[in-house]
Amino acid sequence: MEKEYDLIIVGSGLYGCVTAYLAHQAGWRCLVIEKRAFTGGNIRDEIREGINVHSYGPHVFHTRHQEVWDFASRFTPFNHFRYCPLARYGGKMYNLPFNMHTFYQLYGTQTPEEAALRLRQEQGLYPHPRNLEEKAVSMVGRTMYETLIKGYTEKQWGRKATELPPFIIERLPLRFTFDNNYFNDPYQGVPMAGYSPWVDKMLEGTEVRLNTDFLADKDYWMKKAGHVLYTGAIDAFFDYRLGALEYRSLTFEHVLFEQPNVQGIAVINETDSRIPYTRSIEHKHFAFGTQPVSIVTHEFPQTWDKDREPFYPVNDEKNNTLYRQYHALAQRECPHITFGGRLGLYRYFNMDETIKNALEQWEVLKTKLLPA
Ligand code: UDP
């Protein structure tokens, strides 16, 4: 019997939206099901007081992949924003990422040679770093670790840096030039129209059902589609049959100020453990806004439970092992379902990696949609 849809996409985050666009272009009958009342997942933004507010934390698009940049800029132009956040600790401000400005501020070193010499003394202590603390000290020295990493990391992940895997800190650039650009990528910016209009453009022409919980009616939806792309949490899909994976969650406090400029920069990382939030975000600076008022958001990391939105997978050994078991289960039991995105694959993806992954996965997916 012919199915109503060739493809049902569960979740309208970036991964789902890219795939919906490709499926629509290819002429497939496609439906997007979204549990929340809006599209875009955690990249959603909304206009408040004329300011584009990143509702679920700051997002800056950056990539080194030409094809991803070309794809992304097809839907709206990007502005020339460069992410150069500051860190605040003990009432003082420091430059990020870790670069010659930061070495100067913390160690007084003025040349790359002096900075490298200063670090070598500490690097030798941990030739084989076993955890995030050892890795961070060997990268940037103990003072910088204590000032800029320890407090932030322990708030962010809710556990001691000595109990976290080293790879988390490897995401951050470390350079011996006076360069505050957080990312090494040649392409960077924020969509001029905003993130929500960006993904909504990808969804043009595709049927979308909001406020619809796929898992509450799984069998019903499965009967309607030849294939399903599921971008929700993989453990929830299997009703936590093998146990629950761990995630970190976030909450946000938005404050309206009757003044045009509060902190003078888009993001300040609050690296001091005495401050309960990790970041202070003044949204208008992502878009060079000139409104008479401003909105600042404080970002609070939270322990995740089933009533909260999962934001970050906790990719330690224990959780990765459980994920692999779910992945094997999916391969055994679900030939007509593809799992994708940060929650479906239980992996931290930047936005550009999400797009790259969706573009590559589409090449596989479209062969599954071909009539037998
Ligand atoms: N981090 C830190 N201090 C900072 C910023 C980041 O210690 O000021 C650490 C922290 O452990 C974080 C990791 O570096 O989880 C990765 O940071 P990134 O900015 O990539 O965070 P994300 O994009 O995940 O928010």
Side-chain angles (χ1 to χ4, degrees), residues 14 42-43 54 56-63 82-90 92-99 101-103 105-106 129 131-175 180-185 188 190 195 246-252 265-275 277-281 286 297-302 304 309-316 319 342-343 346-354:
L14 185 54
N42 289 347
I43 66 171
H54 297 199
Y56 297 99
H59 285 79
V60 179
F61 189 82
H62 58 98
T63 189
R82 293 287 172 274
Y83 191 46
C84 301
L86 289 169
R88 178 158 44 204
Y89 179 90
K92 289 212 168 82
M93 310 279 254
Y94 300 91
N95 287 111
L96 290 173
F98 314 120
N99 72 80
H101 288 290
T102 341
F103 293 128
Q105 289 151 356
L106 277 161
N131 56 52
L132 193 148
E133 176 169 307
E134 292 183 1
K135 178 74 195 176
V137 171
S138 69
M139 275 170 70
V140 298
R142 183 155 290 276
T143 307
M144 202 179 286
Y145 164 71
E146 302 278 353
T147 313
L148 301 181
I149 298 176
K150 187 174 191 299
Y152 186 98
T153 296
E154 295 188 346
K155 280 189 274 187
Q156 165 93 341
W157 295 102
R159 57 179 90 171
K160 292 206 172 310
T162 47
E163 291 161 15
L164 286 164
F167 78 87
I168 293 176
I169 199 71
E170 286 163 13
R171 285 170 54 82
L172 291 193
L174 163 67
R175 47 176 99 95
N180 293 325
N181 187 345
Y182 204 72
F183 305 118
N184 290 322
D185 297 331
Q188 191 175 154
V190 170
Y195 283 100
E246 284 177 278
Y247 303 87
R248 277 304 271 171
S249 193
L250 297 171
T251 53
F252 302 91
I265 192 162
V267 176
I268 299 178
N269 285 9
E270 307 285 357
T271 59
D272 196 323
S273 62
R274 290 162 290 193
I275 306 291
Y277 40 90
T278 43
R279 291 194 278 207
S280 301
I281 302 135
F286 289 114
T297 298
H298 300 302
E299 183 177 285
F300 296 78
Q302 304 286 345
W304 176 81
E309 290 297 336
F311 280 74
Y312 295 93
V314 180
N315 287 114
D316 60 8
N319 285 291
R342 200 188 271 204
L343 300 175
Y346 197 68
R347 203 175 329 143
Y348 190 97
F349 288 118
N350 288 328
M351 286 184 283
D352 70 322
E353 293 164 330
T354 302

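The first residue of the sequence shown is numbered 1, and numbering continues consecutively from there. Because the structure is predicted, anything quoted here is derived from the model rather than measured. Just so you know, ligand 1 is whichever comes first in the structure, and atom 1 is the first atom listed for that ligand.
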Can you list the ligand 1 atoms lying under 4.0 Å from a non-hydrogen atom of [X]?
X	result
Tyr348	22 (P), 23 (O), 24 (O)
Asn269	4 (C), 5 (C), 8 (O)
Ile169	9 (C), 14 (O)
Thr271	8 (O)
Ile168	11 (O), 13 (C), 15 (O), 16 (C)
Ile149	7 (O)

Notebook entry, point to check: For ligand 1, does Leu172 get within less than 4.0 Å through its side chain, its backbone, both, or neither, judged by non-hydrogen atoms?
Noted result: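 The part of Leu172 near ligand 1 is the side chain, not the backbone.
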Check: Hey, is Glu270 touching ligand 1 through its side chain, its backbone, both or neither, going by heavy atoms under 4.0 Å?
Finding: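 The answer is neither.
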Note to self: Between ligand 1 and Tyr152, is the shortest N or O to N or O distance under 3.5 Å?
What the structure shows: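 No.
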Check: Quick check: does Leu96 get an N/O under 3.5 Å from an N/O on ligand 1?
Finding: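 No, no N or O pair falls under 3.5 Å.
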Would you mind checking which non-hydrogen protein atom is closest to [atom], with the distance to 0.1 Å?
atom	answer
atom 11 (O) of ligand 1	Thr153 OG1, 2.8 Å
atom 15 (O) of ligand 1	Trp157 NE1, 2.9 Å
atom 20 (O) of ligand 1	Arg171 NE, 2.8 Å
atom 25 (O) of ligand 1	Tyr312 OH, 3.1 Å

Next item on the list: Starting from the C-alpha separation in whole Å, work towards a yes-or-no answer on side-chain hydrogen bond (donor to acceptor under 3.5 Å, both in side chains) for Arg342 and Asn42.
Entry: CA-CA 11 Å; Arg342 200 188 271 204; Asn42 289 347; over 6 Å; no
Check: Angle class for the Tyr56/Phe252 ring planes (parallel below 30°, perpendicular above 60°, tilted otherwise)?
Finding: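 The arrangement is perpendicular - the two ring planes meet at more than 60°.
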Next item on the list: Quick one: sort the Tyr348 and Tyr312 rings into parallel, tilted or perpendicular, breaks at 30° and 60°.
Entry: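 Plane angle under 30°, so parallel.
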